[in-house]
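Because the structure is predicted, anything quoted here is derived from the model rather than measured.
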Number of protein chains: 2
Amino acid sequence: MSTVKGARARARTEITAAIKDEARRQLAKEGAAKLSLRAVARELGMVSSALYRYFPSRDELLTALITDAYDSLGEAAESAHEAVAGAEPLVRWTAVCEAVRAWALAHPHEYALIYGSPVPGYSAPRTTVPAAARVGLVLIGIVRDAHERGELAVPPLPPELLGEAGRMTAELAPGLPSEAGAALVAAWAQLFGLVGFELFGHFNRVVEDREPFFRHAVVRLAHGVGLRPARPEGPGALTERT
Amino acid sequence: MSTVKGARARARTEITAAIKDEARRQLAKEGAAKLSLRAVARELGMVSSALYRYFPSRDELLTALITDAYDSLGEAAESAHEAVAGAEPLVRWTAVCEAVRAWALAHPHEYALIYGSPVPGYSAPRTTVPAAARVGLVLIGIVRDAHERGELAVPPLPPELLGEAGRMTAELAPGLPSEAGAALVAAWAQLFGLVGFELFGHFNRVVEDREPFFRHAVVRLAHGVGLRPARPEGPGALTERT
DNA sequence: CTCGAACGAGAGCACTGCTCTCTCTCGCGC
DNA sequence: GCGCGAGAGAGAGCAGTGCTCTCGTTCGAG
């Protein structure tokens with residue numbers, strides 16, 4: 001139903017897309033702080049006021065870019081996951097995590113937009129939620145699959161966390177052992193801590209050889225949510241007991 | 001030598017401090033994006049150009065605030081550590097981590113300034129390094145102490161990470177087992193991942209009861225660097241085998 | 001005591017987001 | 001087939017920004 005529409009509506013969506021494209025280009029080049037509506041309009045050969053027919057404010061444009069960025073990252077994670085669909089859970093977990101890192105390194109300013117400091121007044125609107133959830137859903141899917149194979153061994157939780165963990169699991173990952181929700185959310189936040197620290201320069205002069213460092217950290221995160229290698233594959237590589 | 005100085009120099013440092021104070025006030029109220037040199041000057045009863053006698057640019061002012069924020073956070077961590085100086089390493093570890101979280105929740109915009117997206121062109125100047133290192137040094141100290149007590153059990157590393165881990169340990173925490181450096185850096189990044197996610201709203205509608213969640217996650221981080229409870233103190237609270 | 005350095009004021013430049021008004025044109029409903 | 005209104009773009013303008021430059025004044029080190 002959205003394919004057939006008047007020429008006017010078609011032009012509108014086309015121009016909207018062109019504006020977002022140019023904005024994304026500026027975002028990638030200079031960062032969110034220097035994204036200027038006037039510059040976008042200038043580049044598109046229109047006057048700045050005309051742009052307000054498409055986006056009611058600069059923040060609104062940024063919000064659109066945020067949603068797109070979440071989707072782009074989510075898609076990267078999902079396709080990385082599909083590329084190793086047959087492998088054991090631990091391998092898929094690291095593949096997805098490395099896809100997240102790779103996307104972040106390739107799109108630093110977009111990553112900063114979604115996982116850095118919140119730009120506008122506060123907290124992005126509800127529309128971004130589904131896009132933002134995609135990476136998390138992939139990780140949950142991996143853990144669920146491991147659970148169904150009977151390979152999941154989630155570490156125990158202290159008693160004061162059991163209630164909250166059960167609630168989180170019921171809401172995010174129903175069917176999994178009740179400790180899994182809390183473990184997953186923690187791993188999720190820690191994953192982005194690792195990526196963010198590398199991207200924002202906190203690893204400068206600290207971590208040099210980042211690829212193996214990240215890879216190992218991510219395996220440890222997997223252990224934290226209960227994923228274990230089905231059988232050791234490398235001599236010692238994935239066999240730490242913790 | 002810095003105590004006795006001319007009235008002019010005294011006035012200069014006083015005014016510099018007043019500018020930073022007012023800037024910090026605006027930063028806390030509106031965030032870094034809306035920090036305006038003109039508004040600071042206005043509030044101080046001076047004209048904007050006069051402010052350039054003290055800070056050559058807005059970015060320079062922000063850099064000063066960044067250093068101060070690192071110092072403030074570092075001091076919070078250090079004094080939290082001193083407050084539990086006698087306790088066993090695991091307790092001290094969680095105390096410091098919780099101090100970091102508390103500071104972040106109390107100073108969200110300053111936290112965003114130092115651990116959110118880098119604001120200016122890129123990567124803060126060298127002057128911020130010592131201030132930025134303070135939290136890390138406290139954590140390293142705790143681990144070192146555990147090591148000297150013979151209570152440290154750092155999990156093994158995959159072979160391809162041994163070289164880099166040794167280098168990191170030698171540079172950051174000489175004397176510790178060579179795996180410790182990598183484990184510490186990973187825990188450090190993950191700690192700030194947890195704090196940042198909570199602060200930037202990624203836990204909204206996901207984690208409700210955040211205090212015990214954070215506490216447990218931080219205990220897990222401690223396990224990751226090799227800290228174990230000397231003897232179980234609560235019934236099961238800190239006794240997960242990981 | 002003097003002269004230069006430090007200081008503050010003010011005007012001004014180029015830029016920003018955003019609003020308002022004006023005109024024109026396109027295409028939908030009749 | 002046509003008229004008219006909604007949608008689109010242009011332009012001027014407002015309030016604000018960072019930053020520069022010039023110009024008196026004033027303070028204090030030599």
Side-chain angles (χ1 to χ4, degrees), chain A residues 1-20 22-27 29-66 109 113 118-122, chain B residues 1-20 22-23 25-27 29-66 113 118-122:
Chain A
M1 49 147 69
S2 70
T3 53
V4 177
K5 53 188 167 190
R8 207 149 202 171
R10 178 186 306 263
R12 177 165 242 284
T13 67
E14 241 171 53
I15 295 184
T16 305
I19 292 171
K20 284 208 293 187
E22 178 57 33
R24 202 179 347 263
R25 209 167 299 132
Q26 291 201 14
L27 175 64
K29 203 196 301 171
E30 302 270 21
K34 299 203 173 174
L35 196 168
S36 145
L37 277 195
R38 290 182 115 111
V40 170
R42 211 178 301 133
E43 210 66 27
L44 261 48
M46 32 175 28
V47 85
S48 77
S49 60
L51 216 144
Y52 284 82
R53 302 271 177 204
Y54 300 89
F55 294 93
S57 75
R58 199 191 98 116
D59 279 1
E60 213 66 32
L61 212 198
L62 269 182
T63 307
L65 294 183
I66 288 176
H109 287 116
L113 196 59
V119 191
Y122 241 121
Chain B
M1 48 147 73
S2 70
T3 52
V4 178
K5 53 188 166 189
R8 204 151 203 170
R10 176 185 308 261
R12 178 165 241 286
T13 67
E14 242 171 52
I15 294 183
T16 305
I19 292 172
K20 284 208 294 186
E22 178 57 33
R25 210 167 298 132
Q26 291 200 14
L27 174 65
K29 205 196 301 171
E30 303 270 22
K34 299 203 172 173
L35 196 167
S36 146
L37 277 194
R38 291 182 114 110
V40 170
R42 210 177 302 133
E43 210 66 25
L44 261 50
M46 32 176 28
V47 88
S48 76
S49 61
L51 217 145
Y52 284 81
R53 301 273 178 204
Y54 300 88
F55 293 93
S57 76
R58 198 192 97 116
D59 279 2
E60 213 66 32
L61 212 197
L62 269 181
T63 307
L65 294 183
I66 288 176
L113 195 59
V119 192
Y122 240 120

Any N or O donor-acceptor pair under 3.5 Å from the base of D:dG18 to the side chain of B:Arg38?
yes
Nearest-neighbour nucleotide for the [X] side chain, [options] considered:
X: A:Ala50; options: D:dG18, D:dA10, C:dC18; value: D:dA10
X: B:Met46; options: D:dG9, C:dA9, C:dC7; value: C:dA9
X: B:Ser49; options: C:dA11, C:dT19, C:dG17; value: C:dA11
X: B:Leu37; options: D:dG9, C:dG8, D:dC19; value: D:dC19
X: A:Arg53; options: D:dG11, C:dT21, C:dG10; value: C:dT21

Please name the pair of heavy atoms, one in [X] and one in [Y], separated by the smallest distance, quoted to 0.1 Å.
X: B:Ser48; Y: B:Tyr52; result: O-CD1, 3.4 Å
X: B:Val40; Y: B:Ala23; result: CG2-CA, 4.0 Å
X: A:Lys20; Y: A:Ala64; result: CD-CB, 3.9 Å

Determine: side-chain N/O of [X] to OP1/OP2 of [N], distance under 4.0 Å, yes or no.
X: B:Tyr52; N: C:dC7; result: no
X: B:Ser48; N: D:dC19; result: no
X: A:Arg42; N: C:dT16; result: yes

Between [atom2] on [N] and [atom1] on [X], what's the gap in Å once rounded to a whole number?
X: A:Arg10; N: D:dG7; atom1: CZ; atom2: P; result: 18 Å
X: A:Phe55; N: D:dG7; atom1: CZ; atom2: C1'; result: 17 Å
X: A:Glu14; N: D:dG7; atom1: CD; atom2: C1'; result: 16 Å
X: A:Leu51; N: D:dG9; atom1: CG; atom2: C1'; result: 11 Å

Do the side chains of A:Leu113 and A:His109 get nearer than 4.5 Å, heavy atoms only?
no
Using side-chain heavy atoms (C-beta onward) and a distance below 4.5 Å, is B:Leu51 in contact with B:Leu44?
no
Residue closer to the 5' end of DNA chain C, A:Ser57 versus B:Tyr54 (nearest nucleotide):
B:Tyr54
